[in-house]
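Each chain gets a letter, A, B and so on, in the order its sequence line appears, and its residues count up from 1. Keep in mind it's a predicted model, so treat the numbers as computed, not measured.
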There are 2 protein chains.
Amino acid sequence: MTESRFSGETTEPARPPKRAARTKSTRDGGDKRERILRAATRVFAKKGFYATRVSEVAKAAGVADGTIYLYFKSKDDLLVSLFEDRVVLLLATLERELGKRPSPRERLRAIIELQLGLLEGERDLAEVITVNLRQSTRLMKQYAAPKFLLYLETIARVVSEGQKSGVFRDDVSPHVVARAIFGALDGLTMTWALGKADPGGLSRAATQIADVLLTGLETGLGTGLESAR
Amino acid sequence: MTESRFSGETTEPARPPKRAARTKSTRDGGDKRERILRAATRVFAKKGFYATRVSEVAKAAGVADGTIYLYFKSKDDLLVSLFEDRVVLLLATLERELGKRPSPRERLRAIIELQLGLLEGERDLAEVITVNLRQSTRLMKQYAAPKFLLYLETIARVVSEGQKSGVFRDDVSPHVVARAIFGALDGLTMTWALGKADPGGLSRAATQIADVLLTGLETGLGTGLESAR
DNA sequence: GGCGCGTGACTGAATCGCGATTCAGCGGAG
DNA sequence: CTCCGCTGAATCGCGATTCAGTCACGCGCC
């Protein structure tokens with residue numbers, strides 16, 4: 001890593017060998033960049049980023065060591081790209097789904113269930129995100145943090161709206177709550193990924209956590225369960 | 001790292017130069033091992049474990065590069081020792097405090113407030129634990145995970161007891177709740193450490209989170225706030 | 001149709017720098 | 001004088017990155 005540059009970004013992010021190769025490649029099946037990313041996710045999850053040799057990723061992807069450098073600037077770029085390609089997409093999906101839910105209550109539940117649901121099928125990715133991405137403080141601050149912040153903002157906004165409309169208690173900071181929720185989901189995912197990762201476990205957890213959090217957050221208005229107004 | 005051994009542990013953990021040096025050292029003030037650990041915490045927090053050269057830690061501690069190897073087996077051992085020395089102690093304190101709280105409700109609140117309170121004065125340590133320790137999947141699994149598990153168990157037990165005595169809802173898994181709580185605290189600490197780390201921020205957050213979680217977890221029995229059963 | 005050439009993706013062995021670890025000494029204390 | 005903690009420059013292995021080739025292909029020409 002040497003984690004030093006990441007500022008000027010002189011050279012272009014990578015360079016997909018000309019056009020072509022994009023989705024079909026010339027001779028082999030599936031495009032290479034994708035194969036490499038998938039292999040990297042697998043290997044990073046198993047051995048950790050720093051302990052993984054570029055040559056191991058190459059072997060796992062079935063390409064030559066040098067090929068990786070045709071698609072990625074460096075080993076770091078591999079990790080960063082992984083994050084960008086997957087997580088950003090994942091967060092986008094989540095954000096899009098949010099649009100469909102009308103009430104803050106449903107929105108919050110959706111956030112919880114979607115985040116956990118999406119990662120449930122991607123154990124390796126889950127591990128890379130919850131563990132390996134934390135590898136470098138700098139990487140974290142440069143790339144991950146901003147994206148996470150954005151996500152935190154989304155949660156905080158939902159909470160805040162709920163407070164404004166009176167369905168959520170307003171004696172807590174939306175920001176603090178957002179961080180806690182994010183952390184809870186993150187922790188749940190991490191222990192799940194590092195542990196047995198039993199199928200369905202995350203989704204089941206999602207429901208429970210959503211129940212507890214919502215109960216803790218709701219003022220009781222509009223639940224159909226309130227005693228007085 | 002090479003993160004490979006960590007199994008047989010043939011050589012002894014380290015070797016404090018004979019006895020002596022323990023708390024007073026011969027000529028300099030404060031014992032060296034401690035100085036090194038403190039410096040390591042500082043530097044690791046600032047640059048990340050892998051990006052930190054052993055020589056940097058040495059410089060920060062005001063000792064020669066080689067001296068570090070008189071107290072620690074390797075760079076890894078430095079990180080592991082840091083974790084063992086500090087966190088284990090920290091968790092012990094917490095566990096001891098727990099004994100003083102009678103009800104599950106107070107116990108849970110204590111867990112939350114203690115964990116955040118203890119880390120509040122140790123920003124660098126907080127960062128190392130929440131970020132840097134995650135560096136190596138193997139290190140994580142070998143050293144950190146077991147300790148964390150123990151901690152998770154503690155939380156789970158408190159929740160479980162609360163359920164048995166009827167003060168906590170019992171339609172959620174104590175384990176899931178424990179992981180979520182742990183994650184929430186961890187996430188809160190991490191964002192705090194990586195961000196501005198405003199003084200008092202963590203404690204304030206603790207109270208709020210405890211309020212929300214307890215409300216979400218309580219059945220309403222004995223709160224003096226319940227409407228029906 | 002067959003053939004030679006140019007192009008560019010791909011290969012993988014060699015390079016080269018970095019930095020953890022070592023160890024031959026040094027100096028103060030007893 | 002001996003012992004021991006400490007020193008810090010030199011060593012040495014590792015592994016990311018490079019780059020001189022290889023190979024398949026498509027194209028234009030015969």
Side-chain angles (χ1 to χ4, degrees), chain A residues 1-5 11 14-36 39-40 43-44 47-81 135-136, chain B residues 1-5 11 14-36 39-40 43-44 47-81 135-136:
Chain A
M1 156 68 96
T2 321
E3 44 182 340
S4 41
R5 68 205 87 107
T11 37
R15 51 211 144 111
K18 270 301 161 54
R19 82 278 90 156
R22 241 306 91 122
T23 338
K24 212 52 220 278
S25 175
T26 320
R27 30 185 178 291
D28 62 72
D31 89 288
K32 235 136 220 183
R33 182 186 151 90
E34 189 53 31
R35 277 235 307 280
I36 296 174
V43 185
F44 287 168
K47 316 201 31 170
F49 178 70
Y50 283 96
T52 298
R53 330 268 128 263
V54 170
S55 63
E56 291 177 296
V57 174
K59 194 178 317 164
V63 301
D65 298 13
T67 305
I68 290 184
Y69 290 88
L70 294 177
Y71 294 88
F72 303 94
K73 254 203 331 278
S74 64
K75 190 186 170 189
D76 296 300
D77 188 42
L78 197 48
L79 184 57
V80 171
S81 299
Q135 300 265 328
S136 138
Chain B
M1 156 68 94
T2 321
E3 44 182 337
S4 39
R5 67 206 85 108
T11 37
R15 51 214 143 106
K18 270 303 163 54
R19 81 281 87 159
R22 242 307 89 126
T23 339
K24 213 47 220 278
S25 177
T26 318
R27 31 185 178 292
D28 61 73
D31 90 289
K32 234 137 218 179
R33 183 186 150 90
E34 190 52 32
R35 278 236 307 280
I36 295 173
V43 186
F44 287 168
K47 315 201 32 171
F49 179 71
Y50 283 95
T52 298
R53 332 266 128 265
V54 170
S55 63
E56 291 178 296
V57 174
K59 195 177 317 165
V63 301
D65 298 12
T67 304
I68 289 185
Y69 290 88
L70 294 178
Y71 294 88
F72 303 94
K73 256 205 328 280
S74 64
K75 190 186 171 190
D76 297 300
D77 188 42
L78 197 47
L79 185 56
V80 172
S81 300
Q135 302 268 326
S136 138

How many Å lie between [atom1] on [X] and [atom2] on [N], as a whole number?
X	N	atom1	atom2	answer
Phe49(A)	dG15(D)	CZ	C1'	13 Å
Asp77(B)	dT21(C)	CG	P	10 Å
Leu79(A)	dA16(D)	CG	P	13 Å
Arg33(B)	dG5(D)	CZ	P	15 Å
Glu56(A)	dG15(D)	CD	C1'	10 Å
Leu78(B)	dT21(C)	CG	P	10 Å
Lys75(B)	dC14(D)	NZ	P	17 Å
Tyr69(B)	dA20(C)	OH	P	6 Å

dC6(D), OP1 or OP2 - any side-chain N/O from Tyr71(B) closer than 4.0 Å?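 Yes.
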Can you find a side chain N or O atom of Arg53(A) that sits less than 4.0 Å from OP1 or OP2 on dC14(D)?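 Indeed not, no polar side-chain atom of Arg53(A) lies that close.
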Kindly give the atom pairs (protein nitrogen or oxygen, nucleotide nitrogen or oxygen) under 3.5 Å for nucleotides 11-15 of chain C.
unit_1: dT11(C); atom_1: OP2; unit_2: Ala64(A); atom_2: N; d: 2.9
unit_1: dT11(C); atom_1: OP2; unit_2: Thr67(A); atom_2: OG1; d: 2.4
unit_1: dG12(C); atom_1: N7; unit_2: Gly66(A); atom_2: N; d: 3.2

For the student: nearest non-hydrogen atoms of [X] and [Y], plus distance:
X	Y	result
Lys75(B)	Thr52(B)	NZ-O, 2.8 Å
Tyr71(A)	Arg33(A)	CD2-CB, 3.6 Å
Arg53(B)	Tyr50(B)	NH1-O, 3.9 Å

Would you list the atom pairs, donor with acceptor, under 3.5 Å between side chains in residues 57-68 of chain A and any protein atom, with sequence neighbours excluded?
unit_1: Thr67(A); atom_1: OG1; unit_2: Ala64(A); atom_2: O; d: 3.4

Yes or no on side-chain contact (heavy atoms from CB on, under 4.5 Å) for Ser81(A) and Leu78(A), after CA distance, side-chain angles and deciding distance? CA-CA 5 Å; Ser81(A) 299; Leu78(A) 197 48; 5.7 Å; no
Between Phe44(A) and Phe49(A), what is the ring plane arrangement, given parallel below 30°, perpendicular above 60°, and tilted in between?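 Ring orientation of Phe44(A) relative to Phe49(A): perpendicular.
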Measuring from atom CD1 of Ile36(B) to atom CD of Glu34(B), what distance do you get when rounded to the nearest 0.5 angstrom?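 These two atoms lie 10.0 Å from each other.
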Angle between the two end axes of the helix from dG1(C)-dC30(D) to dG30(C)-dC1(D), five base pairs per end, rounded to 10 degrees?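 Terminal axis comparison yields 10°.
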